[in-house]
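Right, one structure below, let's go through it.
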Amino acid sequence: MSETSIGMSRPRREGFAKVTGQARYVDDLVLPGMLHGITVRSPVARGLIRRIDFGPEIPWSEFTIVTAADIPGRNRVALIVDDQPCLAEDRVNHPEEPVLLLAHADRQLLEEARRHVTIDVATEPAVFTVDEALAGTTIVWGVDNVFKTYAVARGDVDAALASAPIVVEGEYETGAQEQLYIEPNGMIATASPEIGVTVRGSMQCPYYVHKALMALFDLPEHKVRVVQTETGGGFGGKEEYPSIIAGHAALLAWKSGRPVKLIYDRAEDMVATTKRHPSRTRHRTGVAADGRLLAMDVDFTIDGGAYCTLSPVVLSRGTIHASGPYYCPNTRLRGRAVATNAPPHGAFRGFGAPQSLFALERHLDRVAAAVGLSPDEFRRRNFIQNGQTSAVGQVMRDPIDMNALLDRALTLSEYHAKRARFTEINPALRVRKGIGLASFMHGAGFTGSGEDHLRSVVAIEADAAGRVSVLSSNTEIGQGTNTIFVQIASSALGVPEDLVEIAQPDTLVVPNSGPTVASRTCMVVGKLIESAAMALRKDLAKVGLEGERFDAETFRRACTDYTTRFGTLRATARYSPPPGLRWDDETYTGDAYGTYAWAVYVAEVSVDTATFETSVDDFVAVQEVGRVINPVLAAGQIEGGVAQAIGWALYEKIVWREGRMVNAEMTNYIMPTSLDLPPIRVYFEERPYAHGPWGAKGIGELPMDGPAPAIANAVAHATGTDPRSLPLTPESLMALTEAAHA
Amino acid sequence: MPDAPQIDVECRVNGSTVVLRGHPMDRLLGVLRLQLGLTGTKEGCGEGECGACSVLIDDTLVNSCLVPLLHARNTSITTIEGVATGDRLHAVQEAFIADGGAQCGICTPGMVLAAVSLLSRNPEPGLDDVRTALAGNLCRCTGYMRIFTSVLHACRK
């Protein structure tokens, strides 16, 4: 018998299909009699729809045309606050808001037709920045343009700041970022009042789409079916927006009586769908002369765009992460999500934490300098320790060793030697070198009581031939769900991996194990799979299957025996919180996350002082993510996240004009290519987490948090400037340098 | 364009002679996907930036979203479906599976073809050669590191 595959780099389950081009994504599917769908959108940021004109050049009688009036159920995208219409009715609140849908068999004619629809809007004053939103002169949402606020404090921040020998203030900003999955969004729907609605497509969260369609069509659970097709990247960008596209495709199918495929092209995907929330963070930090943190006052504000969507939860994670992996006795964290008339900002890997951690880690380098300590020594004196309490009152029960991570990162990157050398040689160089670090953490799974509300369920079935199916709604979007779920299930069952398959996420077949978000798939859902597998094993003990590991034949015989005697062989597991976890939604205090992944990253950069171009020359990523289930896939997650964060830090700039992204093309929205990235060197410390499968924690979002501040700190070192906002494009760095010399 | 002139274009695709029909300016990408069902060639941007639609035309790597059907006449085209020999994968494909070169998979067909094209020109590339050869193919998942490893491993086979 072989041992379990945990900790082994098993090849990607669907690898063969992907490298041969056989994997079927939504745009690869064709249904008989299928029409194509297209979305007609608002030309302006805000106003009242006066009229919709259909130009005479188009044979409109051939088209299926859907407006809000055609919606059988409730015209809302069901999520947190149901404020977002699926199709605008009398008013629009952001550019590119969906107003009208068209379907036709001829895709080119459809594109032509879209250009001949004129939506006449009486424009109203709109709000485009956080400052305008907070000024309240123009109210575009609720009574004060504020979606959500959090405030959590402990100790006496004002007194501690008043008596602190050193107080450092700072304001930091980050820009929006496009997820830029290479497969654009898309859905195919079939629908009829008799049978209900079926939607297939690219998505992270089948049950979010399911919930949205039930409300939109006023249909019972069993009449809505959502199937995830192979998904070409998500990164959060296919968390909530697919509910809208699915709704649109289904409305067209419902009205036309034909299957409808609705695929966004790149420009539409970039201009209309969600992006990372822009942010502004203000810090006031009091420190003792020896560098101990005395007080942290943090005000974190994010721009949510025109509708609430996921902003409250993005804000929550960002706020909780705003004080970082440090202990401070007096803390005040305030978070606000405000409304502007841009398309709603949404989920993107890290979910608020990269924004607030950028501000903190950039700020702490400035605090360290004010105290006269090196960036690493300052952090070392303040790392939160086992048994200490976080800013939201979470007692850190699991072992934490940030110092060990820091030591390893400093050694691997030759931080001290390089920092000294660069400082010495830079004055004589045109291309200057810098090295910077960031230390941070990322909470795994939903925040606070989120997992309690989800109450996720997974199931495992085995048939008489001993074939095992893992049933969950968690999706493979490139991160390796299929592969690690097989490793977890086969290891827990004690059977060869090739007996186990992962069921396609299809709401008709799989239970609701929650969304594929928040670094929860491996840690939370993986644990449920382990539990369900153990339960299945217990069932098989009834027919005498005992031992640790079984070959295929032994297992098959037991399954045959069981199903003959007892019928279906199926076990389920439902989430229950690890013992001792408590969270208070009212005071916003307690165990914010079951556990955290911890990390220290170091970036080495070159900055050309003539062109102001920055390149990252070396990158060291050291992290503790519990037990690593599959080293190649895990390292791939870290490398990919670091690459996205390098893009966010240096290249990816969204240019806004009156709430609309004007550079919605890959030609002028620049993501890293194979020539732009340094060696990304990934190291894991493995400290098993008691409540994850084989000790694993969440991993996916962590690598998005640290690179941007590490790079900004390195740029500060290289140039002597004080970067406070992202992205650090050549233009912004030139302005900073000129300001520094003025 | 219902009234546009239609042309027949004879070419070889993955070793077989085919006749493709369409408007001279139809994108080769669409024709391959819709007429031949070769959906392994992906559309990522439609403007020649991302490389997901890469194919080889007479052994040259091109973005099929920018190639008009007319230009395919009398050429020999290789798509991702033509890279493996039956069930026997190309060394590049094997390496992408073994070394984690594919994640979500949407850039993978184009990336594999770019790597195959490089190795046919330069059987022993260094890391810089690989970086340069893949610069027209965007990947948002991997950070490219494991793609580089895959290509370098493939050429050692």
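- Both the backbone and the side chain of A:Q637 come within contact range of chain B, judged by heavy atoms closer than 4.5 Å.
- Contacts between A:L633 and chain B at a heavy-atom distance below 4.5 Å are absent for every atom of the residue.
- Interface remark: A:A635 contributes backbone and side-chain atoms alike to the contact with chain B (heavy atom separation under 4.5 Å).
- Heavy atoms closer than 4.5 Å to chain B are found in both the backbone and the side chain of A:E665.
- Contact check on A:E268 versus A:R266 returns no salt bridge, with no Lys/Arg side-chain nitrogen under 4.0 Å from an Asp/Glu carboxylate oxygen.
- Between B:F148 and B:Y144, the ring-plane angle classifies as parallel under the 30° and 60° cut-offs.
- One finds no salt bridge joining B:D99 and B:R146 here, because no Lys/Arg side-chain nitrogen approaches an Asp/Glu carboxylate oxygen to under 4.0 Å.
- Residue A:P703: no heavy atom, backbone or side chain, is found under 4.5 Å from chain B.
- Interface residue A:D28: backbone and side-chain heavy atoms are both found under 4.5 Å from chain B.
- Under 4.0 Å is where a charged nitrogen must lie from a carboxylate oxygen, and between A:D27 and B:K42 no such pair does.
- Residue A:R276 is tested with A:E178, A:Q177, A:E652 for a side-chain hydrogen bond (donor to acceptor under 3.5 Å, both in side chains); the sole match is A:Q177.
- Heavy-atom distances place no part of B:L38 under 4.5 Å from chain A, backbone and side chain included.
- Contacts of B:T79 with chain A are absent, with no heavy-atom separation under 4.5 Å from either backbone or side chain.
- For a residue to count as touching a neighbouring chain, one of its non-hydrogen atoms must lie under 4.5 Å from one of that chain's; by this rule A:T231 touches chain B with the backbone only.
- Neither the backbone nor the side chain of A:V642 comes within less than 4.5 Å of any heavy atom of chain B.
- Contact annotation for B:A135: both backbone and side-chain heavy atoms come within less than 4.5 Å of a heavy atom of chain A.
- Within the 4.5 angstrom heavy-atom criterion, only side-chain atoms of B:R33, from C-beta onward, approach chain A.
- Heavy atoms closer than 4.5 Å to chain B are found in the side chain of A:F235, but not in its backbone.
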